[in-house]
Protein chains: 2
Amino acid sequence: MSSSNQSVASQLRKLIEDGHYPQGERLGEEAVAEQLGISRTPVRLAFRTLEQEGLLKRAGKRGFMVREFTDADVHCAVEVRGVLEGLAARRLAEHGMSSQQREEFDFWIQKGREVLDKGHLVEEDIQRWIELNWNFHELIVCSAGSGVIADAISRNNHLPFAAAASIVIDKGKLSHEYRKLQLAQLHHELIFQSLVNGEGARVEMLMREHALIGIRYSELL
Amino acid sequence: MSSSNQSVASQLRKLIEDGHYPQGERLGEEAVAEQLGISRTPVRLAFRTLEQEGLLKRAGKRGFMVREFTDADVHCAVEVRGVLEGLAARRLAEHGMSSQQREEFDFWIQKGREVLDKGHLVEEDIQRWIELNWNFHELIVCSAGSGVIADAISRNNHLPFAAAASIVIDKGKLSHEYRKLQLAQLHHELIFQSLVNGEGARVEMLMREHALIGIRYSELL
DNA sequence: GGCCTTTACTTTGGATCCAAAACTAATAAA
DNA sequence: TTTATTAGTTTTGGATCCAAAGTAAAGGCC
């Protein structure tokens, strides 16, 4: 919020993720600027940022358009996220965790158990669990040291998350969601165990699997 | 070159990669604009692009500074590149190659052999081989379908390539370079074989190994 | 003599203005 | 009727202007 052009990028990201701008839609600087009640300059800056994130695509000199995703693209984006997080997890396992990091992992895993232990899920619980899951991923990435990986992931993160969000939250299928979250929670615990034991290869594989859960499961339905 | 702000980003990238702007140096919009003989606007746009690429880093409201890399960062960046290219290669192996792609791989591998078959290297040959190597990587990435991976790699590519370039080209060590290139060529041929055989897991591992050759080898010296 | 405050300068962020390129539409010719 | 050329409109890219925030330096106060 501090510098407005970051804020503009966030707003546009949200508008795109919420489907307010349909895929393939051409975005004019003037139109967007007017909608947001600002001038063209910060919009132009935000367009460059969103282009790098893969949400917008250049259309020659006709400006930018919202990128179109096929199902294959979504799957692919999740795989990219998976290998990057897998790499982060492996490095974390190889370099060892601090006791503080260990406690943090324990904390989030415990929170996840609390949500699932109720034996059923309502929409609110799912939202809560998605937050927990997100924190777990964040923790893996941030703990892996060397900001290079964290940067790489954050650069590639908006795209799969935006694209996959609509798949994951399927409000008609709460019981399916419950089983999926059970699976994810199991993964969290396995990953944590392997991290503690320093099993680099295993934790990398688990983390890659973990990133794919949402997609794999939705394929089964 | 078409739109100038892309061109500005390229110029700045090159200046940073060539070490013209030392790491940690603060870049003022006004100063850079004057150096390039243009106004601040395209520089501001280029700064956002380079920030997303990880070459520049925000310094609060004091503008941007050239990012500083430790040896660990470089190693990490190469690993990121490795897992992404590994993913691309695996997908290519799983989806199978067209006969045209097969011919292209054959072509570049043959070119590599021709350089190495001379039994020694001069500086010019190294430059040539680096180009060939680059083409091989490009081919893997572009052949893997779904532009999502190609985008992810290209977003993460400037950083490791910039950081590692100074390590790879060590002009005093031509004989070492020769052995390194022999190793890389061997990898190319193994990768190609595994691609033809559709051995997804193996080609992924080889590709990851391959990305690390430069770093691994320089550790031995 | 050191520290706090105030003021002036530097620099980024946002808005507006101008030029250039591209798309559109209309008119004229084949 | 169709096509090509040209004029007009729309839109992006670049330059300049203004405001706001931050820094640094100088001067006053404890």
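Per chain, numbering begins at 1; letters A, B, ... match sequence-line order.
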Open item on the list: Nearest to the Arg62(B) side chain among dA15(C), dG13(D), dT23(D), which nucleotide is it?
Closed with: dT23(D)
Task: Phosphate OP1/OP2 of dA15(D): any Ser39(B) side-chain N/O under 4.0 Å - done: yes
Open item on the list: What's the closest nucleotide to the side chain of Arg58(A) if the choices are dG13(D), dT12(C), dG14(D)?
Closed with: dG13(D)
Open item on the list: So, does Arg26(B) get its side chain near the phosphate of dT10(C), meaning an N or O under 4.0 Å from OP1 or OP2?
Closed with: no
Task: Which nucleotide in dG14(C), dT12(D), dT11(C) has an atom nearest any side-chain atom of Thr41(A) - done: dG14(C)
Open item on the list: Quick check: any donor-acceptor pair below 3.5 Å linking the side-chain of Arg44(A) to the base of dG14(C)?
Closed with: no
TODO: Kindly write out the residues that satisfy side chain to side chain contact (heavy atoms under 4.5 Å, CB included) with Glu79(B), not counting sequence neighbours, or none if the list is empty.
DONE: Leu87(A), Arg90(A), Arg91(A), His75(B), Leu212(B)
Open item on the list: Is there a side-chain contact between Arg40(B) and the phosphate of dC18(D), meaning an N or O under 4.0 Å from OP1 or OP2?
Closed with: no
Open item on the list: In terms of relative ring orientation, are Phe136(A) and His188(A) parallel, tilted or perpendicular, with 30° and 60° separating the classes?
Closed with: parallel
Task: Those residues that, when tested against Gln35(B), pass side chain to side chain donor-acceptor pair (under 3.5 Å) (two or more places apart) - done: Tyr21(B)
Open item on the list: Between Glu25(B) and Lys57(B), does any side-chain N to carboxylate O distance fall below 4.0 Å?
Closed with: no
Open item on the list: Can you identify which nucleotide, out of dA15(C), dA15(D), dT11(C), has its nearest atom closest to the Pro42(A) side chain?
Closed with: dA15(C)
